[in-house]
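Heads up: the structure comes next, in structure tokens.
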Amino acid sequence: MGRAAAPLLPRPIIAQFHLHPHHLVHQSCLPYLHATAPVAAASALFAPGPTSSPSVRVSRPRRHASMSAAADSSSSIVVSGDAAVSSLSPESIEHNDLLIVGPGVLGRIVAEMWKQEYPGCKVYGQTATTDHHSELTDIGIIPSLKGSVPGPKFPYVIFCAPPYRSEDYAGDLRVAASNWNGKGSFLFTSSTAVYDCSDNGFCSEDSPCVPIGQSTRTDVLLKAENVVLEAGGCVLRLVGLYKSDRGPHVYWLSKGTLDVRPDHILNLIHYEDAASLVISIMKKRLRSCIFVGCDNEPLSRLEIMDRVNRSRKFDTQFHGFTGTDGPLGKRMDNSKTRAKLGWQPKYPSFTEFLGLSNL
């Protein structure tokens with residue numbers, strides 16, 4: 001497609017991937033699900049079983065979903081920076097300031113783009129520990145620690161912490177909703193794992209979801225989504241996130257051969273595109289909408305790794321998938337999301353990201 005070939009990428013060593021009404025006129029969006037409606041969970045999108053093995057060191061910023069008690073606009077919030085504690089009053093929060101709950105890889109890219117969009121704004125990152133606070137400070141995110149002292153309400157809140165470290169994920173979303181003042185936007189990054197399809201069939205924003213009660217893991221996500229939607233927030237259901245050193249291709253390269261079926265369809269979106277979609281949604285200030293984030297170019301496992309091998313951008317070659325059993329995937333389409341937001345991805349496909357032509 002005329003894209004210049006990228007330089008040789010480093011040998012993948014680490015396997016990391018991810019699988020998420022007050023002052024404005026409300027716009028009608030897709031109907032949302034109640035707690036008794038169909039629902040689904042964040043299961044592994046790329047391979048059955050664990051997403052890491054003893055031979056692959058998994059290292060990622062800790063992203064915790066749990067937060068403190070409901071926010072009180074007259075209280076202070078613990079802000080960590082060289083162990084300092086700053087008192088934040090409601091007056092100190094400006095109309096474009098953003099709170100990111102779970103500022104991991106995606107959250108940090110969102111923060112960078114948000115500050116470019118709104119120069120002079122402040123971006124806060126809420127975490128469960130202080131382990132990565134110095135890193136956040138270095139990139140201009142004001143780190144805050146969840147705890148017993150609540151803080152002021154924010155006009156923009158995004159929750160992108162994963163569910164696997166939370167004992168009460170829906171409760172964590174309620175706390176996040178209580179940190180939102182209702183003026184700008186509240187967004188939850190969920191997962192397209194909620195859609196009830198495992199035969200490589202087609203799915204869009206309003207396709208049926210896995211019924212509540214069918215899977216404990218799937219129940220967690222949609223119950224959390226319902227909390228957000230009932231609070232007036234929006235949900236962005238994301239597919240598999242990737243960049244050069246993160247994503248299913250990195251894990252598969254590290255293994256060489258995998259006993260999973262090659263014809264399982266995956267859906268992908270680049271981290272930068274997921275972040276730009278987040279920005280587009282929040283800028284619209286919509287209420288109770290469901291969106292899907294994908295590049296509209298689903299590929300099978302075999303097709304993904306064939307392109308990786310042909311790109312010659314990695315030191316390692318993948319040798320193949322040997323499985324014949326197991327569920328298939330789904331083919332996501334987010335044309336409705338694109339039409340509503342006027343959004344297009346920077347990387348139209350994984351193929352073009354690698355500098356290859358779509359075949």
Side-chain angles (χ1 to χ4, degrees), residues 6 8-19 40-60 164 191-203 210 215 217-218 238-271 293-333 347-359:
L8 186 69
L9 296 173
R11 184 176 191 175
I13 298 176
I14 302 173
Q16 302 172 326
F17 42 89
H18 309 272
L19 302 153
S43 56
L45 297 179
F46 309 124
T51 55
S52 62
S53 69
S55 62
V56 180
R57 179 173 177 267
V58 177
S59 173
R60 61 171 63 86
Y164 57 83
S191 169
T192 55
V194 300
Y195 291 110
D196 190 13
C197 180
S198 58
D199 60 0
N200 283 353
F202 289 90
C203 289
V210 177
S215 167
R217 299 179 69 191
T218 55
L238 290 171
V239 297
L241 294 161
Y242 76 91
K243 56 191 185 81
S244 61
D245 59 348
R246 285 177 176 267
H249 65 291
V250 177
Y251 174 70
W252 295 336
L253 277 172
S254 73
K255 304 303 289 184
T257 304
L258 274 157
D259 186 23
V260 294
R261 58 188 304 168
D263 55 342
H264 179 111
I265 293 293
L266 274 77
N267 303 272
L268 300 171
I269 187 170
H270 193 279
Y271 272 97
C294 62
D295 63 13
N296 280 356
E297 293 290 339
L299 296 170
S300 70
R301 289 173 175 145
L302 180 62
E303 289 172 328
I304 289 172
M305 298 315 290
D306 173 68
R307 284 155 173 74
V308 167
N309 284 345
R310 286 195 296 113
S311 74
R312 300 181 182 275
K313 295 181 184 297
F314 297 87
D315 293 340
T316 308
Q317 286 281 301
F318 183 71
H319 301 296
F321 299 103
T322 60
T324 57
D325 299 319
L328 295 170
K330 56 180 70 80
R331 300 173 187 269
M332 293 305 309
D333 178 272
Y347 300 101
S349 68
F350 183 70
T351 307
E352 291 185 65
F353 167 75
L354 291 174
L356 302 173
S357 298
N358 274 317
L359 301 178

List the steps and the verdict of side-chain contact (heavy atoms from CB on, under 4.5 Å) for Lys313 and Val308. CA-CA 7 Å; Lys313 295 181 184 297; Val308 167; over 6 Å; no
Apply the test salt bridge (charged side-chain N to carboxylate O under 4.0 Å, His left out) to residues Asp245 and Lys243: give CA-CA distance (whole Å), side-chain angles for both, the deciding distance (0.1 Å), then the verdict. CA-CA 6 Å; Asp245 59 348; Lys243 56 191 185 81; 2.8 Å; yes
With ring-ring contact (aromatic ring centres under 6.0 Å, His included) as the test, would you mind laying out the steps for His249 and Phe314 before giving the verdict? CA-CA 10 Å; His249 65 291; Phe314 297 87; 5.7 Å; yes
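By the salt bridge (Lys or Arg N to Asp or Glu O under 4.0 Å) test, Arg261 pairs with Asp263, sequence neighbours left out. For the side-chain hydrogen bond (donor to acceptor under 3.5 Å, both in side chains) test, residues two or more places apart in sequence or in another chain that qualify with Thr322 are Asp259.
For Arg331 against Asn200, the heavy-atom pair with the smallest separation is NE-O, 3.0 Å.
Sparse packing is recorded around CG of Asp325, with 12 or fewer heavy atoms of other residues, nucleotides or ligands lying under 6.0 Å away.
In this structure, His264 and Phe321 have side chains that are not in contact, with every pair of non-hydrogen atoms separated by 4.5 Å or more. Side chains of Phe353 and Ser244 form a contact here, defined as non-hydrogen atoms less than 4.5 Å apart. Between Tyr347 and Leu268 the shortest side-chain heavy-atom distance does not fall below 4.5 Å. For the pair Arg301/Val260, a side-chain contact is recorded, criterion being any heavy-atom separation below 4.5 Å from C-beta on. Between Phe202 and Lys330 there is no side-chain heavy-atom pair separated by less than 4.5 Å.
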